[in-house]
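This report refers to the structure that appears directly beneath it.
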Amino acid sequence: MTSLLASSDPLFAHGVTGVVILIVLIKVLVGFGALMGAVTIMIWFERKAISDMQSRIGPQRWGPFGILQTMADGLKLIAKEDLVPAEADRFVFKLAPYLVLIPALVTFALVPIGGTLHIAGHAVQLQMANPPMGILLMLAMSGISVYGVMLAGWSSGSKYPLLSSVRASAQMISYEAALGMTIVTIILATGSLTTHSIVDVQGGGIWHWNIIRLGIVPFVVFLISITAELNRPPFDVVEAESELVGGFHTEYSSIRFGIFFLAEFMNTITMSAIIVTLFLGGPAGWIPNVAHLKWVFPIIWFLLKTTGFAFAYVWFRAALPRFRYDQLMDLGWKRLIPLSLGWMLIVAGFLIAPAWGFLMASLVLLSWILLSRAFMLGQSRETGVEAVLPTIGQRPIPGTVIRRFTDGES
Amino acid sequence: MSAVAYAVPSILIFATAAVLILVGAIGVISLKNPVHSALSLIMTLFGVAIAFVAQSADFLAAVQIIVYAGAIVVLFLFVIMFLGVDRRQHANVEPLVGQRAFAGVGVVITVAGIVALMAKAHWVTGAMSVSTNGVALATGQGNVKQLGSAVFTTYLFAFEATAALLVIAVVGAVLLARRERTLQSDEVEV
């Protein structure tokens, strides 16, 4: 076990002693506190920025510029009555919020927020954990967080949350493939799975950042798919207020709703940080020659970049209209997956030799053309009166058949 | 190798994994609600992932969670929710006549087979990996390399055959499921 830990984190190189445990504890506490503080500010920031973009005032009562509004809302939520619907599956209903919260916390533990410090003879990496399978753990956690949304919707025992959870599962499965493919591209170029070495490789200036080194395509694909994984606008069909009341958390109240709310913003921050780690060199940046303070500047760079992406998410929310469900599926399966798969093959080719790279590029281009031709043919086959689902006044499946499915217990 | 040679942490980890796997597996077949069964299946998969880590196959553990817990069980749940079969089913109904007896025979044969296999060797071999002749897998980076080179050299045929099988299954499923939509007679406008 110790060798497994030490293989990626130099902190455990001399065995696990009391000092090492203390350092880990401090790292976890500081990281957790920082994340919680950041979430509080993020909620306020999102409300304030959106209200500015929509020519409103937004929160203003509590504290300067309303910055304590989140605290007030949190207290209000705790004080509210905790309702469990009569039709709900009680155990799963109570479990679901934690299934959303825990992956959000674990993923943030992987993000390197600074360089390496030397404290009491130990090399301390400024990230909570650096497991050998680092970035795969992030993928696993994003897979697990689907369950929170799905089970919350299902266990509510109500129609709209159930629709929302079915949408959530389909959407997250669709975009996870493209997400995984871009991460494979990064792993190929890095030659390592740990987040620390992914950041290390990008350390040599802006031309070494993955966003430029891998071409802009993986970055764009990753940004789109991670937004879809987050269920944030413009991919928020899961909690589309105009169609589904509030989506999967319609039936939740009190602190359980608060946990969903918290986890959503925590995920936004964490994923901004993951984008920075994977594509923008994480804490990499210009370091002025100031004695004893050199370790501060990487943290500042990291915070600046992450704030940039957090703002971009707020901006998306204010500026972009929601995707229709079929457009969402089209984008995920027909565009992003072929694009990211092809780009991965091209990058792999160039990593071996330029000749292989150009060969691979031409092959991928050919298959993209063939694929889009196939999509066009499939599209034209579908058109026609019979193929389009009837709209209003007629169900795609007759009501008797649906009832046989849903009530057919006897 | 006798069990004495194991360190306490390894035994604890093994016990945790075993409890997770067994409780989850029993839950899958004994719980009445299909969604609860799927949740126990996730618990089993997590136990297997822990067992993989204990065998220093950490890459497999991560992939286990990503693929099985993160995608396949989600699809199970998707189908369960989509078809609306997520309610308690009567456990006493036998869709096939005499299936309980057949299942019992199957259990006896399986357990007897495992016992017969174990009778030949010691209960625990202590070997970290069969493919590397008992040498522990490399940690971290080496783990992926070992697995990659094994899959693409020694076991290439099995790997490609599996890939072909999956593609055939997908193409077959699409072919069976997709057909030109025509208006059914009982779908007349209301």
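Throughout, a chain's letter reflects where its sequence line sits, starting with A, and its residues are numbered from 1.
For Phe91(A), no part lies under 4.5 angstrom from a heavy atom of chain B. No part of Val67(B) comes within reach of chain A, as not one of its non-hydrogen atoms sits under 4.5 angstrom from that chain. Proximity to chain B is absent for every atom of Leu137(A), based on heavy atoms less than 4.5 angstrom apart.
Using a 4.5 Å cut-off on side-chain heavy atoms (C-beta onward), Met150(A) and Val74(B) make contact. Between Asp58(B) and Leu136(A), every side-chain heavy-atom pair lies at or beyond the 4.5 Å cut-off. Looking at Val146(A) and Phe78(B), their side chains never come closer than 4.5 Å, going by heavy atoms from C-beta outward. In this structure, the side chains of Trp154(A) and Ile80(B) stay at 4.5 Å or more apart for every pair of heavy atoms.
Phe93(A) CZ: more than 12 foreign heavy atoms inside a 6.0 Å radius. The environment of OH in Tyr98(A) is sparse: at most 12 heavy-atom neighbours from other residues, nucleotides or ligands sit within 6.0 Å.
In this structure, Ile65(B) and Ala140(A) approach most closely via the heavy-atom pair CG2-CB, 3.5 Å. Across Ala69(B) and Ile144(A), no two heavy atoms sit closer than the pair CB-CD1, 4.1 Å. Smallest separation of non-hydrogen atoms from Glu176(A) and Gly70(B): OE1-O, 3.7 Å. Here the shortest heavy-atom pairing between His36(B) and Val92(A) reads NE2-CG2, 3.6 Å.
Taking CG from Leu39(B) and CG from Leu99(A), the interatomic distance works out to 8.0 Å, rounded to the nearest 0.5 Å. With rounding to the nearest 0.5 angstrom, the CD1 atom of Ile183(A) is 8.0 Å from the CD1 atom of Ile66(B).
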